[in-house]
Visitor: 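Take a look at the following structure, please.
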Amino acid sequence: MNTIYNALIAPMQQTRVDVFESIFTVFLGLGALVGIVVVAYTLYNAYKYRDSDTADDDKDRPSLGELPTGGKGGKKLFLSFGISAVIVISLVIWTYTMLLYVEDPSADDGGQQEALEVDVTGEGFAWFFEYDNGIESTSTLRVPADQRVWVQVTSGDVWHTFGIPDQRVKADAIPGEVDESWFEAEEPGEYNIKCFELCGEAHTSMVGTLNVMPSDEFDSWMDDQLTMEFEMVDSNESPVTDGYEMTLESQETDFERTYTADDFDENGTITINDVDHGGKYNVTITSTDDQFETVEEQFDMTGPVSETYTLEMNATESDATASDTNDGGDA
């Protein structure tokens with residue numbers, strides 16, 4: 001059964017656009033062919049049996065009130081009905097098979113393995129996107145070209161319908177439910193995202209942009225989203241370059257790194273770009289010489305992170321510094 005299924009869809013199992021264009025082309029071609037045959041046959045019979053001024057000496061012609069004979073046993077009717085039935089049934093089976101592929105393209109294992117997953121939420125007349133690695137964006141959905149993208153669509157307020165007309169994508173956004181769909185854009189470029197459900201007074205402004213990028217550009221953009229920059233300053237906002245270490249720990253993955261003051265540059269800053277997942281992170285900054293107070297913070301990484309932490313001197317160090325200053329003043 002799988003072999004037959006693969007054979008039927010193999011030539012066209014690339015994108016949703018390919019599938020629906022194929023269905024449209026087949027229906028258009030068959031419709032045009034049937035129309036031409038029917039019109040041609042009608043015109044032929046109209047010409048053949050047209051009225052003329054001369055009487056036809058056809059002995060087989062029935063007289064008034066007599067039932068006609070002949071007709072060759074209805075062979076033409078049987079033949080036309082049989083051919084029509086075969087065409088219609090074949091067309092229904094083929095179309096249904098193609099639509100099954102649209103619903104679940106799992107036969108294409110290669111595309112499934114490299115699929116990108118994005119959660120889509122419609123709320124407040126805007127679209128919000130969250131990638132499977134925790135990165136988020138609003139209004140603009142960026143995806144790589146020639147890669148399957150699965151979208152899990154829901155709503156945070158009322159009913160919406162997420163749609164990308166150029167990619168033949170439409171999925172209901174219903175509060176408390178998730179509607180799954182997919183697409184695979186072949187050509188880089190920008191495409192419109194619209195809401196196809198009358199959802200309120202700002203329905204017409206509930207639009208977005210699908211930005212299809214070359215794979216290398218998308219990877220570069222995603223790397224930029226997974227970049228963290230930290231700066232250490234003292235109470236006077238001057239860079240701090242020694243006497244501490246920073247531990248960075250993800251609450252959602254097993255990522256945990258410790259960076260010493262030597263890893264920071266002369267401006268007290270460090271750029272970290274070896275993370276592969278966003279989400280919530282814990283930051284703990286401890287003093288290596290008991291000079292500074294411990295700093296414990298959290299942040300939610302949904303895009304590039306830039307944080308500045310102020311290192312306060314601990315009480316003992318502050319008292320010692322104040323004492324030294326007072327001694328110097330007395331002297």
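For clarity, every value in this text was computed on a predicted model and none was experimentally measured.
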Visitor: With the side chain counted from C-beta on, respond yes when Met246 and Ile272 share a heavy-atom pair under 4.5 Å apart, and no when they do not.
Guide: yes
Visitor: Are Thr121 and Thr154 close enough, and set up right, to give a side chain to side chain donor-acceptor pair (under 3.5 Å), and what steps lead you there?
Guide: CA-CA 5 Å; Thr121 302; Thr154 189; over 6 Å; no
Visitor: Say whether Phe162 and Leu116 are linked into one hydrophobic cluster, either directly or through other cluster members, by side-chain heavy-atom distances under 4.5 angstrom.
Guide: yes
Visitor: Assess the residue pair Phe218 and Gln147 against the criterion (side-chain contact (heavy atoms from CB on, under 4.5 Å)); give the C-alpha distance rounded to whole Å, side-chain angles, the decisive distance to 0.1 Å, and a yes or no.
Guide: CA-CA 11 Å; Phe218 175 80; Gln147 183 174 339; 5.8 Å; no
Visitor: Counting distance only, does the side-chain N/O of Ser155 pair as donor-acceptor with the main-chain N or O of Trp159 below 3.5 Å?
Guide: no
Visitor: Looking only at side chains, do Thr15 and Asp18 share a donor and an acceptor under 3.5 Å apart?
Guide: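 The criterion, which ignores hydrogens and geometry beyond distance, is satisfied for Asp18 and Thr15.
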Visitor: Kindly give the heavy-atom pair with the smallest separation between Ser235 and Glu312, and that separation in Å.
Guide: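 Between these two residues, the closest heavy atoms are CB-OE1, 4.0 Å.
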Visitor: Does the side chain of Ile23 reach to within under 4.5 Å of the side chain of Trp94, using non-hydrogen atoms?
Guide: yes
Visitor: Give the C-alpha distance, both sets of side-chain angles, the deciding distance and a yes or no for side-chain contact (heavy atoms from CB on, under 4.5 Å) between Asn192 and Asp166.
Guide: CA-CA 8 Å; Asn192 293 328; Asp166 291 331; 5.7 Å; no
Visitor: For Thr286, check side-chain hydrogen bond (donor to acceptor under 3.5 Å, both in side chains) against everything at least two apart and list the hits.
Guide: none
Visitor: When you group the ILVMFWY residues by side-chain heavy-atom contacts below 4.5 Å and let the links chain together, are Tyr101 and Phe20 in the same group?
Guide: yes
Visitor: Looking only at atom types and distance, does a side-chain atom of Arg16 sit under 3.5 Å from a main-chain N or O of Arg168, one as donor and one as acceptor?
Guide: yes
Visitor: Would you say the side-chain atoms of Thr310 pair up with the backbone N or O of Asp234, donor to acceptor, closer than 3.5 Å?
Guide: no
Visitor: Please name the pair of heavy atoms, one in Met213 and one in Glu217, separated by the smallest distance, quoted to 0.1 Å.
Guide: CE-O, 3.7 Å
Visitor: Looking at Thr302 and Ile135, would you say the former's side chain and the latter's main chain have a donor-acceptor pair under 3.5 Å?
Guide: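 Judged by distance alone, no pair lies under 3.5 Å.
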Visitor: Of the non-hydrogen atoms in Val17 and Gln167, which two are nearest, and what is the gap between them?
Guide: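 So the two residues come closest at CG2-CA, 3.8 Å.
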Visitor: Do Ile193 and Val158 belong together in a cluster built from hydrophobic side chains that touch within less than 4.5 Å?
Guide: no
Visitor: Under the 3.5 angstrom rule, does the side chain of Asp265 hit a backbone N or O of Gly268 as a donor-acceptor pair?
Guide: yes
Visitor: Of all the heavy-atom pairs spanning Val240 and Phe292, show the shortest one and how long it is.
Guide: CG1-CZ, 3.8 Å
Visitor: Can you measure from OG1 (Thr269) to CD (Glu307) and round to the nearest 0.5 angstrom?
Guide: 14.0 Å
Visitor: For a quick test of reading the model, state the closest non-hydrogen atom pair linking Met301 to Thr227 and the distance between them.
Guide: CE-N, 3.4 Å
Visitor: Is a donor from one side chain sitting under 3.5 angstrom from an acceptor on the other, for Asn314 and Glu293?
Guide: no
Visitor: How long is the gap from NZ on Lys194 to CD1 on Ile164, to the nearest 0.5 Å?
Guide: 12.0 Å
Visitor: Looking at side-chain heavy atoms only, is the closest gap between Val295 and Val283 below 4.5 Å?
Guide: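 Heavy-atom side-chain distance check fails, nothing below 4.5 Å.
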Visitor: Look at the side chain of Trp182 and the backbone N and O of Val169, then say whether any donor-acceptor pair between them is shorter than 3.5 Å.
Guide: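 No; judged by distance alone, with no hydrogens or angles, the pair does not exist.
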Visitor: Picking from Ile270, Thr271, Leu248, Asn273, what satisfies side chain to side chain contact (heavy atoms under 4.5 Å, CB included) with Met228?
Guide: Leu248
Visitor: Rounded at 0.5 Å granularity, tell me how far CZ in Phe183 sits from NZ in Lys170.
Guide: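 If we round to the nearest 0.5 Å, Phe183:CZ and Lys170:NZ are 16.0 Å apart.
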Visitor: Does Ile83 reach the side chain of Val86, with side-chain heavy atoms less than 4.5 Å apart?
Guide: no
Visitor: Can you give me the closest heavy-atom contact between Met206 and Phe125, atom names plus distance?
Guide: CG-C, 3.5 Å
Visitor: Considering only heavy atoms from C-beta outward, does the side chain of Leu91 approach that of Phe27 to under 4.5 Å?
Guide: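 Of all side-chain heavy-atom pairs linking Phe27 with Leu91, at least one is under 4.5 Å.
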Visitor: Just by modelled atom types, is the Val212 backbone N or O under 3.5 Å from a matching donor or acceptor in the Tyr191 side chain?
Guide: no
Visitor: Supply the atom-to-atom distance Glu190 CD to Asn211 CG, rounded to the nearest 0.5 angstrom.
Guide: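 Rounded to the nearest 0.5 Å, the CD-CG separation comes to 5.0 Å.
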Visitor: Would you check if the distance from the ring center of Tyr244 to the ring center of Phe264 is below 6.0 Å?
Guide: yes
Visitor: Any heavy-atom pair between the side chains of Trp127 and His160 that's under 4.5 Å?
Guide: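 His160 vs Trp127: side chains touch.
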Visitor: Under a single-linkage definition using a 4.5 Å side-chain heavy-atom cutoff for Ile, Leu, Val, Met, Phe, Trp and Tyr, are Leu33 and Tyr41 assigned to the same hydrophobic cluster?
Guide: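 As far as the 4.5 Å side-chain criterion goes, Tyr41 and Leu33 are not connected within one cluster.
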Visitor: Atom CZ of Phe128 and atom CD of Glu136: how far apart are they, to the nearest 0.5 Å?
Guide: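 Spacing of CZ (Phe128) from CD (Glu136) equals 9.5 Å.
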Visitor: For the side chain of His203 and the backbone of Glu197, is there at least one donor-acceptor N/O pair under 3.5 Å apart?
Guide: yes
Visitor: Between Arg257 and Asp274, is there a side-chain heavy-atom distance shorter than 4.5 Å?
Guide: yes
Visitor: In terms of hydrophobic clusters joined by side-chain contacts under 4.5 Å, are Leu79 and Ile87 together?
Guide: yes
Visitor: Determine yes or no for a side-chain-to-main-chain donor-acceptor pair under 3.5 angstrom, with Asp179 supplying the side chain and Ala171 the backbone.
Guide: no
Visitor: Parallel, tilted or perpendicular, judged at 30° and 60°: which one describes the rings of Phe230 and Phe299?
Guide: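 Ring orientation, 0 to 90° scale: tilted.
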Visitor: Give a yes or no on whether the backbone of Asp216 and the side-chain of Ser220 come within a donor-acceptor separation of less than 3.5 Å.
Guide: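 Here the side-chain-to-backbone pair does not exist.
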Visitor: Test side chain to side chain donor-acceptor pair (under 3.5 Å) on Ser287 and Asp290; report intermediate values, then the result.
Guide: CA-CA 5 Å; Ser287 177; Asp290 294 329; 5.4 Å; no
Visitor: Side chains of Asn282 and Glu296 only: does a donor on one sit below 3.5 Å from an acceptor on the other?
Guide: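 Side-chain D/A pair, Asn282 to Glu296: absent.
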Visitor: Measuring from Asn133:CG to Gln225:CD, what's the distance to the nearest 0.5 Å?
Guide: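 Answer for the CG-CD pair, Asn133 versus Gln225, is 9.5 Å.
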